[in-house]
A.B. asks: 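Here it is, the structure in full.
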Amino acid sequence: MILQSYYNNFISPLNVPRKISNQSKIRKGKRRIICFNSSTSQKAFAYLHSINSYISINYYLYNRNLNLITMKYFCYSLISLVVLLLTGVLWSCASNKKEAKVKTNDDTILHAWCWSFNTIKENMKDIAEAGYTYVQTSPANTCFVGDNGGKHIFSTDDSGKWYFHYQPIDWKIGNYQLGTREEFKAMCDEAKKYGVKVLVDVLPNHTAFDTTAVTDDFINAVGGHDNLYHANGLNEVKDYNDRYQCTTGAMGGLPDVNTENPEFQYYFMKYVNDLIACGASGFRYDTAKHIGLPSDPLDEKTKANGQQNDFWDVAMGRKPIKDISLANKDSLFIYGEVLQDKNVKELEYAEYFGMCASNYGHAIRTIIGNRKATEKEVADWQHPVPAEKLTTWVESHDTYCNANESAGLTDTQIRLGWVIITARQNGTPLFYSRPAGSTRENFWGNNIIGEKGNDEFKNPEVVAVNKFRKAMSGKAEKIVISADSTVVAINRGSSGMAIVNLSEQPAEISLATTLKNGEYTDKVHNNTFTVKNGKVTAKLDPETSYVIY
């Protein structure tokens with residue numbers, strides 16, 4: 001706020017006597033421009049003292065010849081100035097006030113499912129430019145060689161299957177589907193050049209179905225075949241809500257490893273630390289809810305050996321095993337596959353690592369499938385663990401491959417769901433890379449393990465929201481849904497907004513927003529959005545997302 005020449009604007013018009021005293025004369029105030037941008041009233045009033053006109057104030061107040069009329073006009077002018085000064089101070093405080101920052105998750109994960117280490121390395125530049133913080137690999141350990149080593153993602157003629165790399169036979173880096181230890185390290189080195197971090201899928205819970213395929217090195221390291229599995233480890237789980245069965249039995253028929261055996265823990269942790277030494281920055285723990293917590297019932301073999309359910313304490317670096325402990329534990333990103341059900345101890349698992357929001361993923365798939373949403377459906381994480389500790393997804397490799405639950409959704413629908421979860425302030429979203437060439441009629445596409453997935457991971461709308469997420473760090477979300485439930489909008493403070501038209505029809509919107517007044521152009525389609533008095537208006541194309549900031 002600018003006040004010009006107090007003397008010229010306030011003092012001169014007054015009927016101040018020209019002749020006051022032979023001993024003192026009023027000096028004409030110099031013309032000044034004073035900018036009140038101080039954050040304190042003390043500084044504002046300091047400016048008063050700098051105006052030469054006010055040196056004469058004391059003279060006026062104590063001059064016996066000052067008449068009442070002069071005093072009245074003088075008081076009026078002084079009050080006016082004080083009001084203006086205070087207005088300037090208050091305006092300055094308001095204009096300088098910043099939005100309160102909130103806790104946000106700013107990272108994103110690309111699940112490079114079934115990509116080889118070399119393929120990930122070759123595409124690292126694209127991964128980084130698409131805005132991903134992490135790239136997650138499929139399991140890197142020695143795995144069961146099935147179907148004569150065939151490399152089809154899925155086949156009915158025994159020419160390969162993706163899930164063989166989820167059947168460990170040893171804990172050493174490298175397998176026939178993804179590549180060698182040297183190739184894994186080269187991939188990590190390339191990731192570091194581009195500022196991308198590497199997550200590795202690990203699965204200590206079980207071995208391959210064929211227990212004779214487990215290597216001698218592995219068996220000898222754990223003290224023999226009898227010490228490798230739980231006493232209940234070859235009995236298939238019948239009731240997944242029974243914690244004893246769930247944590248000691250054969251999940252899906254896969255033999256359950258005695259993860260409480262300290263010899264196994266030592267062998268496995270050497271593998272984990274080798275991954276870290278090669279450049280890994282975190283892990284996804286497959287089938288994590290099938291590994292017991294301290295509060296879970298003990299397997300009979302664990303009891304007989306005087307052991308405890310302490311695998312997670314060792315795996316997370318809370319306690320060493322022999323002479324080793326988890327390396328770089330304070331800088332790792334770790335989450336576990338703890339799929340939600342009736343009797344799952346999410347809160348206790350969350351004391352060790354992050355959770356996956358499987359129920360929320362189902363809710364998002366329902367939204368994009370129905371092409372309608374409510375604020376509650378979008379906002380509710382459907383999880384007892386704080387959202388900051390959740391890994392979210394629209395679909396995972398399990399929802400796509402197992403019974404093909406999500407495989408019928410189009411790439412466009414998946415993309416719209418991705419914009420919704422990624423625009424939000426919490427959760428760490430994971431983008432599952434579908435097979436290259438896949439369609440709704442041919443889920444496996446080109447059907448080759450090791451090759452890059454389709455290009456949806458770098459679709460312009462996906463890239464735009466990935467970058468939007470980082471730009472909105474510290475900004476609180478506000479979810480808004482259109483009256484017909486077909487448009488989802490997520491405001492982030494007064495700085496940005498993501499808008500998704502779920503419908504197959506164009507839409508005209510007038511939605512509440514926290515953006516400042518003005519015209520905005522989205523980052524992909526160059527669409528114009530007008531914001532005025534808390535409302536954003538625009539025309540939207542069918543099945544399209546927009547980000548503005």
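Keep in mind that this is a model prediction, so the values were computed, not measured.
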A.B. asks: Do F457 and W115 have their ring centres less than 6.0 Å from each other?
C.D. replies: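 They qualify: ring centres under 6.0 Å apart.
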
A.B. asks: Could you tell me if D239 and Q245 have a donor-acceptor pair between their side chains, going purely by distance under 3.5 Å?
C.D. replies: no

A.B. asks: After noting the C-alpha distance and the side-chain angles of E377 and K372, does the key distance pass the salt bridge (charged side-chain N to carboxylate O under 4.0 Å, His left out) rule?
C.D. replies: CA-CA 10 Å; E377 288 172 334; K372 289 195 172 185; over 6 Å; no

A.B. asks: Give a yes or no on whether K478 atom NZ has more than 12 heavy-atom contacts from other residues, nucleotides or ligands under 6.0 Å away.
C.D. replies: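 No, the 6.0 Å shell around NZ holds no more than 12 heavy atoms from other groups.
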
A.B. asks: Quick check, are the ring centers of Y240 and H290 under 6.0 angstrom apart?
C.D. replies: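 Under 6.0 Å, so yes.
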
A.B. asks: If the threshold is 4.0 Å, N to carboxylate O, is there a salt bridge linking K121 and E190?
C.D. replies: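 Between E190 and K121 there is no salt bridge, as every charged N stays at least 4.0 Å from the carboxylate O atoms.
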
A.B. asks: Is the backbone N or O of V487 less than 3.5 Å from a side-chain atom of S482, with the two atoms forming a donor-acceptor pair by type?
C.D. replies: yes

A.B. asks: Checking side-chain polar atoms at under 3.5 Å, does T486 have a donor or acceptor matched by the opposite partner on D484?
C.D. replies: yes

A.B. asks: Is a side-chain donor or acceptor of T366 paired with a backbone partner of I364 at a separation under 3.5 angstrom?
C.D. replies: no

A.B. asks: Minimum heavy-atom separation for A350 to M355, with atom names?
C.D. replies: N-CE, 3.8 Å

A.B. asks: Flag yes if more than 12 heavy atoms outside K389 fall under 6.0 Å of its NZ atom; otherwise flag no.
C.D. replies: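 Check passes, neighbour count above 12.
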
A.B. asks: Measure the spacing between CG of D189 and CZ of F184 and express it to the nearest 0.5 Å.
C.D. replies: 10.0 Å

A.B. asks: Say whether, by atom type as modelled, one donor and one acceptor occur between the side chain of D341 and the main chain of N343 under 3.5 angstrom.
C.D. replies: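 Between the backbone of N343 and the side chain of D341 there is no qualifying donor-acceptor contact (under 3.5 Å).
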
A.B. asks: Do the side chain of Y546 and the main chain of N527 share a donor and acceptor less than 3.5 angstrom apart?
C.D. replies: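 Flag not set: sc Y546 to bb N527 has no pair under 3.5 Å.
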
A.B. asks: Give the minimum heavy-atom separation between V524 and A464, together with the two atoms involved.
C.D. replies: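 Minimum heavy-atom contact is CG2-CB, 3.5 Å.
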
A.B. asks: Could you walk me through whether S438 and Y400 pass the side chain to side chain contact (heavy atoms under 4.5 Å, CB included) test, one step at a time?
C.D. replies: CA-CA 11 Å; S438 58; Y400 188 86; 3.6 Å; yes

A.B. asks: Would a 4.5 Å heavy-atom cut-off, applied to side chains only, mark D256 and M251 as touching?
C.D. replies: no

A.B. asks: Inspect the surroundings of NE2 in H362 and state if more than 12 heavy atoms from other residues, nucleotides or ligands are less than 6.0 Å away.
C.D. replies: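 Not buried by this count: 12 neighbours or fewer within 6.0 Å.
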
A.B. asks: Side chains of T513 and N491: donor-acceptor distance under 3.5 Å anywhere?
C.D. replies: yes

A.B. asks: If the plane angle is over 60° it's perpendicular, under 30° parallel, otherwise tilted; pick one for W418 and Y132.
C.D. replies: tilted

A.B. asks: Are any non-hydrogen side-chain atoms of P204 and F264 less than 4.5 angstrom apart?
C.D. replies: yes

A.B. asks: Determine whether V419 and F468 make a side-chain contact, defined as any pair of heavy atoms from C-beta on separated by less than 4.5 Å.
C.D. replies: no

A.B. asks: Identify the two heavy atoms, one from G279 and one from V198, that lie closest to each other, and give their separation to 0.1 Å.
C.D. replies: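 Shortest heavy-atom contact: O-CB, 4.4 Å.
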
A.B. asks: Less than 3.5 Å apart, any donor N or O on the side chain of Y166 or T287 sitting next to an acceptor on the other?
C.D. replies: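 Y166 vs T287: no donor-acceptor pair found between side chains.
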
A.B. asks: Under 4.0 Å between a Lys/Arg side-chain N and an Asp/Glu carboxylate O for K197 and D107?
C.D. replies: no

A.B. asks: Any ion pair linking D411 and R415 (charged N to carboxylate O, less than 4.0 Å)?
C.D. replies: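 Between D411 and R415 there is no salt bridge, as every charged N stays at least 4.0 Å from the carboxylate O atoms.
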
A.B. asks: For residues G369 and L409, report the shortest heavy-atom separation together with the two atoms involved.
C.D. replies: CA-CD2, 4.1 Å

A.B. asks: Answer with yes or no whether the side chains of E543 and T412 bring together a donor and an acceptor at under 3.5 Å.
C.D. replies: no

A.B. asks: Specify the closest pair of heavy atoms between R434 and T410, including all atoms of both residues, with the distance to one decimal.
C.D. replies: NH1-C, 3.8 Å

A.B. asks: Centroid separation under 6.0 Å, is that true for the rings of H383 and Y360?
C.D. replies: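 No, the ring centres sit 6.0 Å or more apart.
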
A.B. asks: When you compare the side chain of P168 with that of F218, does any pair of heavy atoms fall below 4.5 Å?
C.D. replies: no

A.B. asks: Using a strict cut-off of less than 4.0 Å between a Lys/Arg side-chain nitrogen and an Asp/Glu carboxylate oxygen, indicate whether R371 and E504 qualify as a salt bridge.
C.D. replies: yes

A.B. asks: May I ask you to test the L203-P139 pair for a side-chain heavy-atom distance under 4.5 Å?
C.D. replies: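 Contact flag for L203/P139 side chains = yes.
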
A.B. asks: State, to 0.1 Å, how close S510 and K535 come at their nearest heavy-atom pair, and which atoms those are.
C.D. replies: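 Heavy atoms only, the tightest pair is OG-CD, 4.0 Å.
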
A.B. asks: Under a 3.5 Å distance rule, please check whether N148 uses its side chain to pair with a backbone N or O of G150 as donor and acceptor.
C.D. replies: no

A.B. asks: Classify the ring geometry between F154 and W444 as parallel (under 30°), tilted (30 to 60°) or perpendicular (over 60°).
C.D. replies: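 Parallel.
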
A.B. asks: Residues two or more places apart in sequence or in another chain: which of them pass side-chain hydrogen bond (donor to acceptor under 3.5 Å, both in side chains) with T212?
C.D. replies: D210

A.B. asks: Without swapping roles, check the side chain of D170 against the backbone of T215 for a donor-acceptor pair under 3.5 Å.
C.D. replies: no

A.B. asks: Do S358 side-chain atoms and Q340 backbone N/O form a donor-acceptor pair below 3.5 Å?
C.D. replies: yes

A.B. asks: Carefully, step by step, assess K151 and F164 under the rule side chain to side chain contact (heavy atoms under 4.5 Å, CB included).
C.D. replies: CA-CA 10 Å; K151 289 193 176 181; F164 291 142; over 6 Å; no

A.B. asks: Measure up the H397 and Y432 rings against each other and bin them: parallel (under 30°), tilted (30 to 60°), perpendicular (over 60°).
C.D. replies: tilted

A.B. asks: May I ask you to establish whether K125 and Y194 are in a cation-pi arrangement, using a distance under 6.0 Å from NZ or CZ to the six-membered ring centre and at most 45° from the ring axis?
C.D. replies: no

A.B. asks: For a 4.5 angstrom cut-off between non-hydrogen side-chain atoms, does E388 reach K103?
C.D. replies: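 In short, these two side chains touch, coming nearer than 4.5 Å.
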
A.B. asks: Does G474 offer a backbone N or O that forms a donor-acceptor pair with the side chain of T104 under 3.5 Å?
C.D. replies: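 Yes; at least one donor-acceptor contact below 3.5 Å.
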
A.B. asks: With under 30° as parallel and over 60° as perpendicular, where do the rings of Y285 and W312 fit, or are they tilted in between?
C.D. replies: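 Correct class here is perpendicular.
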
A.B. asks: Report yes if the side chains of P435 and N447 come closer than 4.5 Å at any heavy-atom pair, otherwise no.
C.D. replies: no

A.B. asks: Do I481 and V488 come close enough that some side-chain heavy atom pair is under 4.5 Å?
C.D. replies: yes

A.B. asks: Kindly indicate, with the supporting measurements, whether the criterion side chain to side chain contact (heavy atoms under 4.5 Å, CB included) is fulfilled by S545 and V500.
C.D. replies: CA-CA 4 Å; S545 70; V500 176; 4.0 Å; yes

A.B. asks: Walk me through whether D157 and S159 qualify under side-chain hydrogen bond (donor to acceptor under 3.5 Å, both in side chains).
C.D. replies: CA-CA 6 Å; D157 61 356; S159 58; 2.6 Å; yes

A.B. asks: Could you give me the CA-CA distance, side-chain angles and deciding distance for F529 and Y520, then say whether ring pair (Phe, Tyr, Trp, His ring centres under 6.0 Å) is met?
C.D. replies: CA-CA 5 Å; F529 292 78; Y520 298 78; 8.5 Å; no

A.B. asks: Using modelled atom types only, decide if a donor and an acceptor are shared between the side chain of E477 and the backbone of Q425 within a distance under 3.5 Å.
C.D. replies: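 Indeed, once roles are kept as given, a pair shorter than 3.5 Å links the two residues.
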
A.B. asks: Has R284 got a side-chain atom pairing as donor or acceptor with I334's backbone, closer than 3.5 angstrom?
C.D. replies: no

A.B. asks: Atom CD1 in I127, atom CD in E122: separation rounded to 0.5 Å?
C.D. replies: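 CD of E122 is found 10.5 Å from CD1 of I127.
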
A.B. asks: Using a distance-only test with no angle check, is there a side-chain donor-acceptor pair under 3.5 angstrom linking D398 and S396?
C.D. replies: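 Judged by distance alone, the side chains do not pair up.
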
A.B. asks: NZ of K101: more than 12 outside heavy atoms within 6.0 angstrom?
C.D. replies: no

